[in-house]
Amino acid sequence: MINAILVFNNHGKPRLVRFYQHLAEEVQQQIIRDTFHLVLKRDDHICNFLECGSLFGGSDYKLIYRHYATLYFVFCVDSSESELGILDLIQVFVETLDKCFENVCELDLIFHMDKEMVIGGMVLETNMNEIVAQVEAQGKLEKAEGGLSAAPSRAVSAVKNINLPEIPRNINIGDINIKVPNLSQFM
Amino acid sequence: MALKMVKGSIDRMFDKNLQDLVRGIRNHKEDEAKYISQCIDEIKQELKQDNIAVKANAVCKLTYLQMLGYDISWAAFNIIEVMSASKFTFKRIGYLAASQCFHEGTDVIMLTTNQIRKDLSSPNQYDTGVALTGLSCFVTPDLARDLANDIMTLMSHTKPYIRKKAVLIMYKVFLKYPESLRPAFPRLKEKLEDPDPGVQSAAVNVICELARRNPKNYLSLAPLFFKLMTSSTNNWVLIKIIKLFGALTPLEPRLGKKLIEPLTNLIHSTSAMSLLYECVNTVIAVLISLSSGMPNHSASIQLCVQKLRILIEDSDQNLKYLGLLAMSKILKTHPKSVQSHKDLILQCLDDKDESIRLRALDLLYGMVSKKNLMEIVKKLMIHVDKAEGTTYRDELLTKIIDICSQSNYQYITNFEWYISILVELTRLEGTRHGHLIAAQMLDVAIRVKAIRRFAVSQMATLLDNAHLIASNAQRNGICEVLYAAAWICGEFSEHLEEANQTLEAMLRPKVTTLPGHIQAVYVQNMVKLYASILQQKEQAGEKEAAQEITQLMIERLPQFVQSADLEVQERASCILQLIKYIQKLQIKEVPVAEEVIALFAGELNPVAPKAQKKVPVPEGLDLDAWINEPPSDSESEDEKPKTIFHEEEQRHSRHRQPEIDEEELARRREARKQEQANNPFYIKSSPSPQKRYQDTPGVEHIPVVQIDLSVPLKVPGMPMSDQYVKLEEERRHKQKLEKDKKKKKQKKEKRGKHHRHNSLHTESEEDIAPAHHVDIITEEMPENALPSDEDDKDPNDPYKALDIDLDKPLADSEKLPVQRHRNVETLKSPDSEAPLVEKKIKKPKKKEKKHKDKERDKGKKKEKEKKVVEEEEEKEKKGEDLDFWLSTAPAPAPTPQPQSEPGMDTAVVAESQEVKKEVREEQDEEEEDEGRKSSKHKKKKHKKEKEEKSKDKKKSKKKSHHSEEEPPESVQNGTLEDEPLPPMSSYCLLAENPYIKMTYDIQGNLQNDSQVTVSIIFENKSTSFLKSMELNVLDSLNTKMLRPEGSSVHDGIPVPFQLPPGISNEAQFVFTLQSIVMAQKLKGTLSFIVKNDEGSTHEKLDFKLHFSCASYLITTPCYSDAFAKLLESGDLHMSSIKVDGISISFQHLLAKICFHHHFSVVERVDSCASMYSRSIQGHHVCLLVKKGENSVSIDGKCNDSTLLSNLLDEMKETLSKC
């Protein structure tokens, strides 16, 4: 089971927070802070697993994270998940975000994107094309309904105007070479 | 009014949307909280509007704020409003907000039930999807109960997108509403074979999650998962299944045996590291579960260790980490295989990644042996020095202590070395673990008597140098060691050489800066020291010196009396008065030492932490019973209140202190003292026998190697422990030389018997004798200590409720509740199954039934039997099915297998296969050499294991040949305790060609009167890869092969595996029969593809499958009285045979009949035995076997005369071969 998905930036500001078990807001924020401090200490060339039993109150839990440019993607999982599998899943997640980033409002995407991939802590879909297709179909549906607000372009530009440092293009996870997506539109 | 609305909507145009909010927060970095509270006020206004779009926008913003840590539960009702909007855009926002903030405590959640149900059955798949996703986050027990049926329906939705979501959400429903598990399970199981891979993956996911919590209930799914594992190509699914198998194998070692091969194949073939890693993990789990039964899996272990080494050597830190993690699992059961990679693990200690270093440390913990402990600890000490100022250093410190102290100091051969390591560790500044070191010092000094003298000398030095340790006492955790040092010097002061000096050290003014609890120990122990000095001086007649020391105490103690710490103050003032009194006596020249020393007589032994818990309640003691008579009725004056009072009294009696008068108390005290005096486990004030024992000639009676106390505490340039390492090496070397000398002598005597062994001599564990005899005093436990009680599982475990037997058929009462609402929407479901609610529930039941029918189409009469019986049967059958799938050899009936062989039960398959090979391998065996193990490559090794096994067997065979002449004894059921029997195999050759060899065995199925199972072992004899094997037979009227549904009678059945060179595997085929009274033969063909470097060719092998009558019999035990009744009943036909020229013993003869013809012995008297068996169609077969000289006669009785005569003919053939 996946216990939580956390996405936050290099300053620890949450970008996506999803807990699959109910926790009070203060506890959630505390966990985000603790997690942030844990991963911040680790430089990019050490392993992506962290044992953090105390953080979630279960001995079984592990943090599996990846750091892309300015964002940390952290999955908290228990022993039933394969560590390398989750790493690949994060990759799929990031690539999906990358693919879907056109003409759709960023926050909306972050909010809904994970739902096509993980549901109630269990992995729903790992095929990126399928995820993208479902997200886009829902986006279209919303568009057809007229959307929520009339001025999405203004908002997107508001979040786009942030300079990103150069991103490493190739990261080797296990046996597969993955192109690190361009995240410049994102964040 | 209209104007107002228009005005309202114009206002709304200036509302912030989410993007504005985000930007606003970014622009208000300094006063973020203020800005947000302002926004929340605006949102509250917006929520009051009637316009749903405005509300949705507000809720959307709230969701973002929730993510930032703001509580939005106050808007729960508005969220529900947005959820129920008709537009998908709004609905989606509503559900998102709900999934972020709703939980079981949200009270308005009960209002959502109908809305959710409506959305679930919406014609728009995304409405359904969004509802399902939301539900997965906030499902409550009530929602689960009310919606379980709707979700279950969605599991069969036409769109895979909905199906897979529904399947996953079912897991959440099960958790909240466990009653739904059984009714929903059949459909969930169905989804394992869903055409859509996503749905399949979801079902695997859910079942894996369920099975992980309660694995035993899911064992029966193992064959299905096995099939998925061998057929699926989705790595994600494979990983899940393989992980699940890892959880199941501990429950069923036979499963592990089946898994090893496909997993090994996967390990060899896969390129995905994640899959490889999980395979290795599960193989490890299998090996752990098998380790008790089958010791011969070194090839698999080697493979795992090799692959893990590759992972650890990889430059990817993740793989390195996981490699180490998995390695530590192997370590637990196969430490030797890991120990050979010590170099690699030690390298990892230098890694820049702390997690990897910690993993490596964990591994080292398990890798130490007597031989390498000192070396490893030395390396760790170097790292301790390097790691100055990090928390990692503390971790190292605890690890060093853990490593050394594990399993009761098992690996420490030299405690002087250990004490000096501890002393070295005290030099670490700023560590938090001073108390750990202190505890170790105390523990070692108390429990290892022989080390006390040395320990005391070291501790005295520590006390002397206390200023070094306690430079900034309050902040420094390391000063805790002074606690231990003071106690050890005080308690074992008899070993102290310069007691005066130590006492002075303890009385230094600086001591008062130490923490209170340490000072308290100082004060207490300086009296012990004082007492022993006093005694010493008095014995030597140095009265003045004795008075001087008293004077010193009186002068220095007041500094402690003034202490702010109460404990120190109290002890000090008490002791000061005592010593003043002693001084008075000393002035009167009264000898006091004896009396003072008596204060501290007796030895304190460690008591096991669980000792108190384990004191058994003495027999006949009822702790709940009244100690005194309850107040009698007569004491009370009033009749009516009395009864009331009395009742009350009884209810509260346990808490009430019985009133006891003084006399009674005194009497009891006396009695208790008496009891304690007689109780050896009560620590008494008088010196214990143990102490006295020790007081007499001191510790000299313990064989102590002379300790070189001249080794100074600090050697410039070299830590002291290194000195001990050196000394120890020298000692071991000497020991070894001596041993070698002895061995050489032995060698001369024995003449070259062991020459290879000796020349390759390596120090083994046993060779290292401890430096001195160490008697570790074990912790005291009460007599008759109760066996340790397992920790009970947490009763609040939410998964416990899901511990449900899933194989039992559904009862009528087990339905998912269906709400019959007037609400029409429930019926407007898009998929065909929804409309008839009743039908839906019956469906799984029907399936179950269908399943049943299929399995026994003939036994229609039986269906009329009582339901209860049926259920029982069904359950049994399921269990048997699994057994059947797992057992690849004859059922472990009371067959005459030699009892002496270890690991028999689990090794049945391997054996039966190996027996066949025995002859072929015999030649190789001559050349077999035990020393060549490691250099052989894998395949050969595999073979060798088998050979070793068959060797054992051969031994037993030989033995049994010798024992033939022994007089037979009365035996039950053909089991012979004292006479090993030759191994037998029921597998006989089916066909053979240069590529492949098939052997087979036929087993009847007790649960199905018209089916037998043919197990065929396929052995690849070639050096090519065999694949696409397909087996086909030509059905006869009577006997037909059971083919999968939808295939024609001419189709072959694919063999579910491929065979790499030299590998054999077993497959099972089910045949249906009508009549079983006659033996029959079926012609068949195996077609397969041979693939090697030159290409691949199609090959065929014809065979004849012989169904003997014996294969329809099932070994069934029978009691002698039932047997007699059966014979008397007179419904049985009779027939008999006689076979001449029998030379084997009667026991063996019976064993053969039992084994090959599936009989069991009912009774045996001398050379006469009655036997019984039953056919799958219920025929009773009774035999009376008599042995004459060189001949055997068998009289048989059976319901069917043809069956009987055929059986006897077969038996005749078997016997004539003897």
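Order of the sequence lines sets the chain letters (A, B, ...), proteins ahead of strands, with each chain counted from 1.
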Engaged part of [X] at the chain B interface, taking heavy atoms whose separation is under 4.5 Å:
{"X": "A/Q28", "answer": "side chain"}
{"X": "A/S80", "answer": "both"}
{"X": "A/V123", "answer": "both"}
{"X": "A/N127", "answer": "neither"}

Next on the checklist: Shorter than 4.5 Å, heavy atoms on both sides: which option in B/K240, B/Q125, B/K352, B/E354 has the most such pairs with chain A?
Outcome noted: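 So the answer, after comparing B/K240, B/Q125, B/K352, B/E354, is B/K240.
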
Next on the checklist: Checking B/S355 now: which residues fulfil side-chain hydrogen bond (donor to acceptor under 3.5 Å, both in side chains) with it, not counting sequence neighbours?
Outcome noted: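 With neighbours one apart ignored, the set is A/R42, B/D353.
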
Item to check | Contacting region of B/N281 [heavy-atom separation from chain A under 4.5 Å] | outcome: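 Neither part.
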
Next on the checklist: Which atoms of B/F88 are under 4.5 Å from chain A, going by heavy atoms: the side chain, the backbone, both sets, or neither?
Outcome noted: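 Its backbone and side chain both get close to chain A.
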
Residue pair [X] / [Y], side-chain heavy-atom distance below 4.5 Å:
{"X": "B/L319", "Y": "A/L84", "result": "yes"}
{"X": "A/N48", "Y": "B/Y321", "result": "no"}
{"X": "B/N124", "Y": "A/L141", "result": "yes"}
{"X": "B/S73", "Y": "A/E25", "result": "no"}
{"X": "B/M67", "Y": "A/Q29", "result": "no"}

Locate the shortest heavy-atom distance separating [X] from [Y]; write the atom from each residue and the value.
{"X": "A/E83", "Y": "B/E278", "answer": "OE1-OE2, 3.9 Å"}
{"X": "B/S274", "Y": "A/D88", "answer": "OG-OD2, 4.4 Å"}
{"X": "A/D78", "Y": "B/R213", "answer": "OD2-NH2, 3.9 Å"}

Next on the checklist: What's the separation between atom CG in B/L238 and atom OG in A/S82, rounded to the nearest 0.5 Å?
Outcome noted: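 B/L238 CG to A/S82 OG: 11.5 Å, rounded to 0.5 Å.
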
Next on the checklist: Please report the interatomic distance CG(A/D43) to CD(B/Q317), rounded to the nearest 0.5 Å.
Outcome noted: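 These two atoms lie 9.0 Å from each other.
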
Item to check | Non-neighbouring partners of B/Y171 that pass ring pair (Phe, Tyr, Trp, His ring centres under 6.0 Å), sequence neighbours left out | outcome: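 With neighbours one apart ignored, the set is empty.
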
Checklist entry - With the threshold set at 4.0 Å, does a side-chain nitrogen-carboxylate oxygen contact exist between A/E145 and B/K91? => result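 Salt bridge: no.
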
Next on the checklist: Here's a test for you: under side-chain hydrogen bond (donor to acceptor under 3.5 Å, both in side chains), which of A/E125, A/Q134, A/E116 qualifies with B/Y161?
Outcome noted: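 Exactly one option meets the side-chain hydrogen bond (donor to acceptor under 3.5 Å, both in side chains) with B/Y161, and it is A/E116.
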
